[in-house]
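Below is one structure, written out as C-alpha cells, with a few remarks after it.
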Number of protein chains: 2
Amino acid sequence: MPRHQNRAAAGGRRRASHSMESVLTEAVALLDEAGPSALTFRALAQRLGGGVASIYWYVASKDELLDRATDHVIGGVLAEIEAIEPGDDPIDDLRAMSLTLFDAILVRPWLGNYFMRNTDVQGNALRLYEKLGQPTLRLKLTARQRFHAVSAITTVVVGSAVDLGQEPPQEVLDGALGRDEFLGRFAATWRELDAQDFPFVHEIVDEFDGHDDIEQFRAALDLTLTGLRLQAGA
Amino acid sequence: MPRHQNRAAAGGRRRASHSMESVLTEAVALLDEAGPSALTFRALAQRLGGGVASIYWYVASKDELLDRATDHVIGGVLAEIEAIEPGDDPIDDLRAMSLTLFDAILVRPWLGNYFMRNTDVQGNALRLYEKLGQPTLRLKLTARQRFHAVSAITTVVVGSAVDLGQEPPQEVLDGALGRDEFLGRFAATWRELDAQDFPFVHEIVDEFDGHDDIEQFRAALDLTLTGLRLQAGA
DNA sequence: ATCTCTATCGAACGCTGTTCTATCGTACCT
DNA sequence: AGGTACGATAGAACAGCGTTCGATAGAGAT
C-alpha cells in the first residue's frame, strides 16, 4: 500500500505514474460508462497507461477496489447530504437525505450493489450512516427503534436501487431498445395471463407499464416514514 | 431445450443421463452447500457425472441456470404461501406471506440476489408476486397505490435478504469465526469512533452488537405495513 | 558508488463461461 | 432389418478474468 501520495507525474516517460486518486477516478469512470462488467484490471490498466500488476500496489483485490471506488463517490454524496439544512421535522430531514442518496444511486446504478459492504474500508459510508441516524435522535424512540428505523430506510433506498441496478439486457444498453419499450414488452406478456388466476397483475399492469422509478421509490420510502412517524408518536 | 422428460436413467453406462430436474436440484445443492461462487459448470457437471457442455442443452447460459434454479426453489416457497389461510385482515395476510418469503431467503441467502430478475423465466416468482398482491385487492386503494405497496414490500423483503446474503468473509463460512464475534468486531471499531462526531453510531452500537436479523427485518416490514394500513384508512 | 525502498510491469497460472465438433443411442420410417 | 433423423452427451479448445511472481527502474540516503 502507498504510504505517500504521488507528488508529481513525470513527463512523457516509459513508465506510468499513478496515484490512489487516479486509480479510483478511472475505475469510477469505467463503471459509469459501461457498468460493473467493464471494470477489469486490464481495462483499468490500459486507461491508466500502465501495467495490470501496478494496480495491486494500491489495492489488494477487486473487492477492495470496488469498495474504495464506491466510497470515493459516496464522499460526494455525503457532502451533498451534509449541505442539507436541518428543518423542524426530523422525518422531513430523513426524507430529504434519502432522496439525495437515491438520486445518486439512480445516476450510478452500480453503487447500490457495493454500498455499505464493508464499513472498514468505506469510511464515508459509515459517516453517511451516522448522518442518516442523527435525525432519529430528535425523535422519541428507544435506541433499538432508532437502529431499526435507519436500517429500514437504508434497506428501502438500497433495495430499490439494486432493483434498478440490474444490468439491462444489453439491448437497452445499446440504446436500440428504450426503457419504455422494455417495460412494455413485459407488460404485454403479463396482459396475456389468465385474468382469473392473475387478478392482481391485471389490476396493476397499466401502472407497471411505463412507471417512474423515482415515484415508486418515493412511495416505498413514504410508507416507511409514515410508519416511523406513527411510532414516534408525532 | 428438452422436449420430453427423461423416462428412465439406464443403469451403469458410460454416458450420463440428466434431466432438467436433476440439473436444477444439483445446482441448488451446490448453492446451498457453498454459496454462489461454488456453482460452476465444471463443479455441476462433476456432480451430475457428465460433461460440462451437456448442461448447455438444458440451459442457455449461467444467468438462465441461476434464474431457473431460483424459480425452482421459489416454487416450494409459493406452495407454502398458498397454504396460508386468508384471515380477516389483508395486511396480516401480507405480513404472514412476507415472513414466509423472508424465512426462505434466510435459509438460502443466495436467493435474494436472483429473485425476480426475469419473470419470463421465473414463472413461480410471478405467481408469488400475484399472491402477494391479492390481499391488497381487499384494501381501499387505487391501482397505483396497490402497485407501489407490493413493490415496497418486495423491496423490503429482498433488500433485507440481500444484506444478509452477502457472503461472509470466509472466516465465518469456515466456522472459525462465529457471527456474534463477527458483529462484535465491527461494534468494537465503531465504539472507538469519536463520540462527538458519531453520536448516533454510539447510541445504537449496543443494539447492533449481536442483533437478530429476523427482528430487524420484522421491524422494517412493520413500518411499511403500518404506513400501508394508514393509507388504506383502516 | 552503493544500498534501500517505492513503484512499476510483462508474463504466467489457474479458473471461469462458452463454443465447436464429434459422437452415441434411441425412435421412427420404409 | 436397415437407414436415417434427431435427442442428448461429451472432450477439447478459446478468450477472458483476478491474481501472483520475479525482475527492474528510479529517487533519495549513506
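Numbered from 1 within each chain, the chains take letters A, B, ... in sequence-line order. This structure is a prediction, so every number in the text was calculated from the model and none was measured.
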For this session: Tell me which nucleotide among D:dT9, C:dG17, D:dG18 gets nearest to the side chain of B:Lys62.
Result: C:dG17

For this session: Could you state the atom-to-atom distance from CE of B:Met20 to P of D:dT9 in whole Å?
Result: 11 Å

Exercise. Just checking B:Ile55: base, sugar-phosphate only, or nothing, at a heavy-atom cut-off of under 4.0 Å?
Worked result: nothing

For this session: Looking at every strand, decide which applies to A:Thr40 at a 4.0 Å heavy-atom threshold: base, sugar-phosphate, or nothing.
Result: sugar-phosphate

For this session: Would you mind telling me which of C:dC9, D:dA10, D:dT19 lies closest to the side-chain atoms of A:Val52?
Result: D:dT19

Exercise. Does B:Ser54 place a side-chain N or O at less than 4.0 Å from the phosphate oxygens OP1/OP2 of D:dA10?
Worked result: yes

Exercise. Got a donor-acceptor contact below 3.5 angstrom from the B:Asp180 side chain to the B:Gly210 backbone?
Worked result: no

For this session: Using the six-membered ring wherever Trp is involved, compare the ring planes of B:Phe208 and B:Phe186 and label them parallel, tilted or perpendicular (cut-offs 30° and 60°).
Result: perpendicular

Exercise. OP1 or OP2 of C:dC9 less than 4.0 angstrom from a side-chain nitrogen or oxygen of A:His18, does that happen here?
Worked result: yes

For this session: Grab the CG-P distance between B:Leu66 and C:dT18 for me, whole Å please.
Result: 10 Å

Exercise. Which part of the nucleic acid, if any, lies within reach of B:Leu39 when heavy atoms closer than 4.0 Å are counted: base, sugar-phosphate only, or nothing?
Worked result: sugar-phosphate

Exercise. Of all the nucleotides listed (D:dG18, C:dG17, D:dA8), which has the minimum atom distance to the side chain of A:Arg42?
Worked result: D:dG18

For this session: Using a strict cut-off of less than 4.0 Å between a Lys/Arg side-chain nitrogen and an Asp/Glu carboxylate oxygen, indicate whether A:Asp71 and A:Arg117 qualify as a salt bridge.
Result: no

For this session: Could you state the atom-to-atom distance from CG of A:Leu44 to P of D:dG18 in whole Å?
Result: 10 Å

Exercise. Which one, D:dT19, C:dC20, D:dC14, comes nearest to the side chain of B:Ala53?
Worked result: C:dC20

Problem set entry | side-chain N/O A:Tyr58 vs C:dT8 OP1/OP2, d < 4.0 Å | yes

Exercise. Which word best sums up how the rings of A:Tyr129 and B:Trp190 line up, parallel for under 30°, tilted for 30 to 60°, or perpendicular for over 60°?
Worked result: tilted

Problem set entry | Distance-only donor-acceptor test, A:Arg15 side-chain atoms vs D:dG26 base atoms, 3.5 Å | no

Exercise. Taking OH from B:Tyr56 and P from C:dT19, how many angstroms apart are they, rounded to a whole number?
Worked result: 7 Å

